[in-house]
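Below, each value reflects all heavy atoms present in this structure, side chains not excepted, and no hydrogens, waters or symmetry copies. Just so it is clear, the structure is predicted and the values come from calculations on it, not from any experiment.
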Amino acid sequence: MEIIERYKDNNYICGFKPKLINSHINFRGKNNRLICENNVTLVNTMIDFDGDNSIIYLSSNRHKYILKISIPNNSVCFIDENNYINGTLYLSLSEEKHIFIGKDCMFSFGIWFRVADAHLLYDIETKERLNLSKSIYLGDHVWIGQDAMILKGTQIGSGSIVGAKSLVSNKIINSNTSWGGNPATELRKGIFYDSTTVHKFTEKETQESLFSDNEDYIYRNDGEILSFDVIDEKFSSIKDVDEKVKFIQSIRNNKSHNRFYIDDDIKEEQFMSIIEKEFEEMKKNN
């Protein structure tokens with residue numbers, strides 16, 4: 001990927017130059033990469049690379065990005081295309097863990113993602129640490145409500161909803177389910193949402209909205225399914241930053257509708273061979 005701007009200590013902005021509106025990008029470590037596709041506009045955004053060998057990948061977006069990202073050492077923050085961010089989205093990475101967001105998601109105001117507790121917690125008897133950091137993964141077309149907190153170890157399957165003021169920690173959320181509360185629990189299975197805004201609806205639009213036969217946002221155990229656990233392992237095991245970028249691009253290029261489906265009936269053998277093949281093919285072609 002073409003280098004657009006070079007900074008000291010082998011830090012690069014690659015791809016396309018982002019449009020910055022009251023926004024700042026700070027490199028304080030070495031060997032970091034900010035990858036921007038075409039059509040990336042950063043508004044009231046602060047991106048801080050506070051360590052070494054980390055990657056932030058921002059995909060093309062018909063909406064503006066409003067982000068506060070703090071990323072230290074050996075971490076990946078990936079955001080796929082056309083996500084709508086209504087207020088600042090806070091992404092805090094730590095301890096070589098990762099944040100991954102699929103495409104076509106909606107984020108309300110005041111939402112935080114945190115992969116760590118920040119401080120250390122130990123068992124009195126065993127003296128063993130209890131609170132290791134864990135990555136966070138969201139699939140496609142996920143709706144996160146106002147003031148929600150998405151904490152370490154959370155994986156949210158495509159088509160799901162997390163309600164306002166919910167706290168989700170270390171949960172596996174199946175596709176097309178809704179969750180809410182503190183701590184969040186499953187509220188309903190077998191749902192999907194449409195991003196149409198109801199604020200200006202009259203009685204006519206309300207009546208028209210009472211039924212939808214749109215199946216675009218229903219996800220099934222069908223076709224290529226990519227395992228968040230295997231992606232996480234790859235993010236951590238690939239040590240070369242530019243090789244890791246190629247792996248991210250292989251995921252970005254996968255357009256399978258059900259790629260981030262999560263449910264209890266998925267079999268381990270369904271996972272991941274497609275990413276492995278695409279990644280190996282990309283390495284050969286480069």
Side-chain angles (χ1 to χ4, degrees), residues 35 37 39-40 56-67 76-86 89 91 98-108 111 113 135-145 148 150 153-163 166 168 171-179 184 186 188-197 212-232 234-235 247-266 270-275 278-279:
I35 314 293
E37 295 183 359
N39 299 319
V40 169
I56 296 174
Y57 192 113
L58 302 179
S59 302
S60 180
N61 199 337
R62 62 177 177 265
H63 311 292
K64 61 185 178 293
Y65 285 98
I66 314 172
L67 303 169
V76 172
C77 180
F78 171 81
I79 304 178
D80 212 324
E81 65 185 0
N82 297 330
N83 290 286
Y84 180 73
I85 302 170
N86 208 4
L89 180 62
L91 306 175
H98 318 291
I99 292 176
F100 182 104
I101 296 171
K103 65 183 180 182
D104 188 38
C105 297
M106 291 199 313
F107 300 95
S108 188
I111 295 168
F113 285 52
S135 302
I136 295 170
Y137 286 85
L138 269 67
D140 301 325
H141 194 68
V142 171
W143 177 12
I144 307 294
I150 311 300
T154 296
Q155 297 183 8
I156 302 178
S158 295
S160 291
I161 300 169
V162 173
S166 296
V168 187
K171 298 285 188 182
I172 307 297
I173 292 181
N174 287 347
S175 292
N176 293 116
T177 60
S178 63
W179 286 60
E186 185 178 82
R188 185 160 182 169
K189 299 179 180 179
I191 56 89
F192 70 91
Y193 78 89
D194 186 306
S195 58
T196 303
T197 302
S212 174
D213 59 1
N214 184 356
E215 295 203 355
D216 291 347
Y217 308 125
I218 299 173
Y219 299 88
R220 298 182 173 91
N221 186 5
D222 182 27
E224 299 167 2
I225 297 173
L226 312 183
S227 164
F228 287 144
D229 288 336
V230 179
I231 294 172
D232 194 61
K234 283 288 186 184
F235 280 167
F247 177 66
I248 294 168
Q249 290 177 300
S250 71
I251 302 171
R252 173 77 175 95
N253 292 337
N254 186 294
K255 305 301 182 182
S256 170
H257 178 72
N258 296 306
R259 59 184 182 159
F260 302 130
Y261 174 82
I262 295 179
D263 206 349
D264 299 332
D265 60 353
I266 297 178
Q270 289 180 262
F271 284 150
M272 201 51 199
S273 61
I274 184 65
I275 306 184
E278 289 180 357
F279 181 43

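- Listed for the Asp80 side chain is no donor-acceptor partner under 3.5 Å among the backbone atoms of Cys105.
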*Tell me, with the steps shown, if His63 and Ile85 meet side-chain contact (heavy atoms from CB on, under 4.5 Å).*
CA-CA 8 Å; His63 311 292; Ile85 302 170; over 6 Å; no
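- The structure places CZ of Phe78 at 4.0 Å from OG of Ser59, a figure rounded to the nearest 0.5 Å.
- Applying the side-chain hydrogen bond (donor to acceptor under 3.5 Å, both in side chains) rule to Asp140 yields the partners Arg259; only residues at least two apart in sequence or on another chain are considered.
- Panel note: side chain Asn258, backbone Gly223; no donor-acceptor pair is recorded below 3.5 Å.
- With sequence neighbours excluded, the residues forming a side-chain contact (heavy atoms from CB on, under 4.5 Å) with Asn39 are Ser60, listed by chain and number.
- Applying the ring-ring contact (aromatic ring centres under 6.0 Å, His included) test to Tyr65 and every residue at least two apart in sequence or in another chain returns nothing.
- Tested against Ile79 for a side chain to side chain contact (heavy atoms under 4.5 Å, CB included), the candidates Leu58, Leu138, Ile99 yield a single pass: Leu58.
- With rounding to the nearest 0.5 Å, the separation of NE2 in His98 from CD1 in Ile231 is 11.0 Å.
- Using a 4.0 Å cut-off between a side-chain N of Lys or Arg and a carboxylate O of Asp or Glu, Arg220 and Glu215 qualify as a salt bridge.
- Side-chain contact between Ile66 and Phe107 is absent, with no heavy-atom pair separated by less than 4.5 Å.
- For the side-chain hydrogen bond (donor to acceptor under 3.5 Å, both in side chains) test, no residue two or more places apart in sequence or in another chain qualifies with Asn82.
- Of all the heavy atoms in Ala184 and Ser166, the pair that sits closest is CB-CB, 4.4 Å.
- For Phe192, there are no ring-ring contact (aromatic ring centres under 6.0 Å, His included) partners two or more places apart in sequence or in a different chain.
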_Full working for side-chain contact (heavy atoms from CB on, under 4.5 Å) between Phe113 and Thr154_ = CA-CA 10 Å; Phe113 285 52; Thr154 296; over 6 Å; no
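- In terms of heavy atoms, Ala148 sits closest to Gly163 at CB-O, 4.0 Å.
- Separating the CG atom in Asn83 from the CG atom in Leu89 is a distance of 9.0 Å, to the nearest 0.5 Å.
- Counting all heavy atoms, side chain and backbone alike, His141 lies closest to Tyr217 at NE2-CG, 3.2 Å.
- To the nearest 0.5 Å, atoms NZ (Lys234) and CD1 (Ile248) are separated by 13.0 Å.
- To the nearest 0.5 Å, atoms CD1 (Ile262) and OG (Ser227) are separated by 9.0 Å.
- Distance check: His257 NE2 to Glu224 CD gives 13.0 Å after rounding to the nearest 0.5 Å.
- By the ring-ring contact (aromatic ring centres under 6.0 Å, His included) test, Tyr137 is found to be paired with Phe100, Phe228, residues two or more places apart in sequence or in another chain being considered.
- Partners of Arg188 under the salt bridge (Lys or Arg N to Asp or Glu O under 4.0 Å) rule, at least two apart in sequence or in another chain, do not exist in this structure.
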*Passes side-chain contact (heavy atoms from CB on, under 4.5 Å), Ile225 versus Tyr219? Steps please.*
CA-CA 11 Å; Ile225 297 173; Tyr219 299 88; over 6 Å; no
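- For Ser160, the side-chain contact (heavy atoms from CB on, under 4.5 Å) partners at least two apart in sequence or on another chain are Ile156, Ile173, Thr177.
- By the ring-ring contact (aromatic ring centres under 6.0 Å, His included) test, Trp143 is found to be paired with Tyr193, residues two or more places apart in sequence or in another chain being considered.
- With sequence neighbours excluded, the residues forming a side-chain contact (heavy atoms from CB on, under 4.5 Å) with Thr196 are Asp194, Phe201, listed by chain and number.
- Partners of Glu81 according to the side-chain hydrogen bond (donor to acceptor under 3.5 Å, both in side chains) rule, which considers only residues two or more places apart in sequence or in another chain, are Arg252.
- Judged by distance alone, the side chains of Asp229 and Gln155 do bring a donor and an acceptor atom under 3.5 Å apart.
- Applying the side-chain hydrogen bond (donor to acceptor under 3.5 Å, both in side chains) test to Asn86 and every residue at least two apart in sequence or in another chain returns Tyr84.
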*Does the pair Asp263 and Asn221 meet the rule for a side-chain contact (heavy atoms from CB on, under 4.5 Å), with working shown?*
CA-CA 8 Å; Asp263 206 349; Asn221 186 5; over 6 Å; no
